[in-house]
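Single-structure report; data block below.
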Amino acid sequence: MSKTTAELENELQSINNGDDLEKWINGNQAEKVRFCDAFVELCEKKGMKPANLVGKVAISKSYIYDMANGKKNPSKEAVIKVALGLGATVEEVNLLLKLSGNKELYPKMEEDAVIEFGIRNHWNVYEIDELLKKRGLTMWLTDKE
């Protein structure tokens with residue numbers, strides 16, 4: 001089973017010299033962070049289970065479970081939806097986007113600027129979607145996955 005970020009950080013804090021750092025890096029470099037692991041870890045951090053997102057975001061229960069179990073590699077929209085449902089920060093959203101193989105939010109793109117604005121102002125998926133639609137933008141977050 002892969003180590004949590006907190007476990008890795010604790011291990012890293014106990015390293016005092018370059019030789020030990022090299023050994024630690026060599027021992028942990030094979031542990032690639034997967035979207036599903038980061039998603040579940042973020043759910044735990046926010047005190048939620050993936051099932052709690054059903055009804056909060058426009059994604060089916062089976063799709064959410066498939067994301068959490070690594071059976072689905074989610075679209076950018078799906079990642080943003082679950083991140084909004086969790087109350088994620090912009091940094092957390094960008095990490096999930098990156099791990100899912102999607103591009104991070106890029107404020108020069110109008111859609112991404114609207115989404116980032118919504119995240120920073122603690123808007124829910126429906127409020128952000130309303131602003132996207134109002135501006136005539138194509139990424140609509142309330143369509144079901």
Side-chain angles (χ1 to χ4, degrees), residues 1-15 21-145:
M1 184 166 169
S2 65
K3 297 176 186 174
T4 66
T5 302
E7 290 170 331
L8 292 170
E9 287 175 351
N10 285 337
E11 288 177 7
L12 191 56
Q13 287 176 359
S14 68
I15 295 172
L21 175 62
E22 188 171 331
K23 287 176 192 172
W24 183 85
I25 289 171
N26 290 337
N28 287 290
Q29 67 184 349
E31 284 199 44
K32 299 281 185 207
V33 179
R34 301 178 312 155
F35 168 81
C36 59
D37 296 330
F39 172 50
V40 171
E41 187 176 329
L42 184 60
C43 287
E44 290 170 2
K45 178 180 173 184
K46 300 293 183 173
M48 293 182 124
K49 295 181 183 211
N52 298 130
L53 293 169
V54 177
K56 288 185 84 170
V57 297
I59 299 179
S60 70
K61 183 178 183 177
S62 62
Y63 195 92
I64 289 172
Y65 278 117
D66 286 347
M67 288 170 48
N69 294 323
K71 293 179 182 174
K72 289 269 188 215
N73 197 35
S75 66
K76 182 176 182 175
E77 291 84 356
V79 172
I80 291 169
K81 289 177 192 183
V82 296
L84 288 168
L86 290 169
T89 65
V90 171
E91 293 76 18
E92 291 166 334
V93 172
N94 280 332
L95 175 62
L96 291 178
L97 286 168
K98 189 175 178 181
L99 291 174
S100 65
N102 290 291
K103 293 184 179 181
E104 297 177 34
L105 294 174
Y106 184 58
K108 286 188 175 185
M109 292 180 59
E110 188 176 357
E111 290 172 343
D112 287 0
V114 168
I115 292 165
E116 188 168 326
F117 171 83
I119 292 166
R120 292 191 186 283
N121 287 283
H122 309 288
W123 286 14
N124 66 37
V125 67
Y126 300 100
E127 293 168 316
I128 294 172
D129 192 61
E130 185 64 33
L131 184 55
L132 289 168
K133 287 178 182 176
K134 189 182 214 180
R135 300 210 41 87
L137 299 169
T138 58
M139 182 189 289
W140 294 356
L141 299 175
T142 54
D143 295 337
K144 279 267 190 196
E145 294 286 337

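Heads up: numbering here begins at 1 and tracks the sequence.
- The distance from the OG atom of S100 to the NZ atom of K72 is 14.0 Å, given to the nearest 0.5 Å.
- Checked options L132, L137, I115; the residue passing with E110 is L137 (criterion: side-chain contact (heavy atoms from CB on, under 4.5 Å)).
- Within the 3.5 Å criterion, the main-chain N or O of Y126 finds a donor-acceptor partner in the side chain of N124.
- Crowding of E22 atom CD: a count of heavy atoms from other residues, nucleotides or ligands under 6.0 Å not exceeding 12.
- Residues K76 and N102 come closest through the heavy atom pair N-OD1, 3.4 Å.
- Counting heavy atoms from C-beta outward, Q13 and N10 have side chains that approach closer than 4.5 Å.
- In this structure, SG on C36 lies 9.5 Å from CG on N73, to the nearest 0.5 angstrom.
- Considering only heavy atoms from C-beta on, I80 comes within 4.5 Å of L105 through its side chain.
- Taking the side chain as every heavy atom from C-beta outward, F39 and L99 never approach each other to under 4.5 Å.
- One finds a salt bridge joining K46 and E92 here, because a Lys/Arg side-chain nitrogen approaches an Asp/Glu carboxylate oxygen to under 4.0 Å.
- Atoms CG and OG1, on N94 and T89 in that order, are 8.5 Å from each other to the nearest 0.5 Å.
- Here S62 contributes atom OG and K71 contributes atom NZ; the two are 10.5 Å apart, rounded to the nearest 0.5 Å.
- Between the N121 side chain and the F117 main chain, a donor and an acceptor come within less than 3.5 Å of each other.
- Counting all heavy atoms, side chain and backbone alike, A88 lies closest to V93 at CB-CG2, 3.9 Å.
- Comment: E116 engages R120 in a salt bridge, judged by a side-chain N to carboxylate O separation of less than 4.0 angstrom.
- Residues N69 and V40 fail the side-chain proximity criterion, which asks for heavy atoms closer than 4.5 Å.
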In a table with atom names and distances, give each donor-acceptor pair under 3.5 Å that connects a side chain of residues 49-58 to protein atoms at least two apart or in another chain.
residue	atom	partner	partner atom	Å
N52	OD1	K49	N	2.6
K56	NZ	G85	O	3.1

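- Across all their heavy atoms, A78 and Y63 have their closest contact at CB-CE2, 3.9 Å.
- To the nearest 0.5 Å, atom CG of residue L96 and atom CG of residue L42 are 5.5 Å apart.
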Requested in this report: Could you please spell out the steps behind the side-chain contact (heavy atoms from CB on, under 4.5 Å) verdict for L8 and W24?
Outcome: CA-CA 10 Å; L8 292 170; W24 183 85; 3.9 Å; yes
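- Without hydrogens or angle criteria, D112 side chain to Y106 main chain gives a donor-acceptor distance under 3.5 Å.
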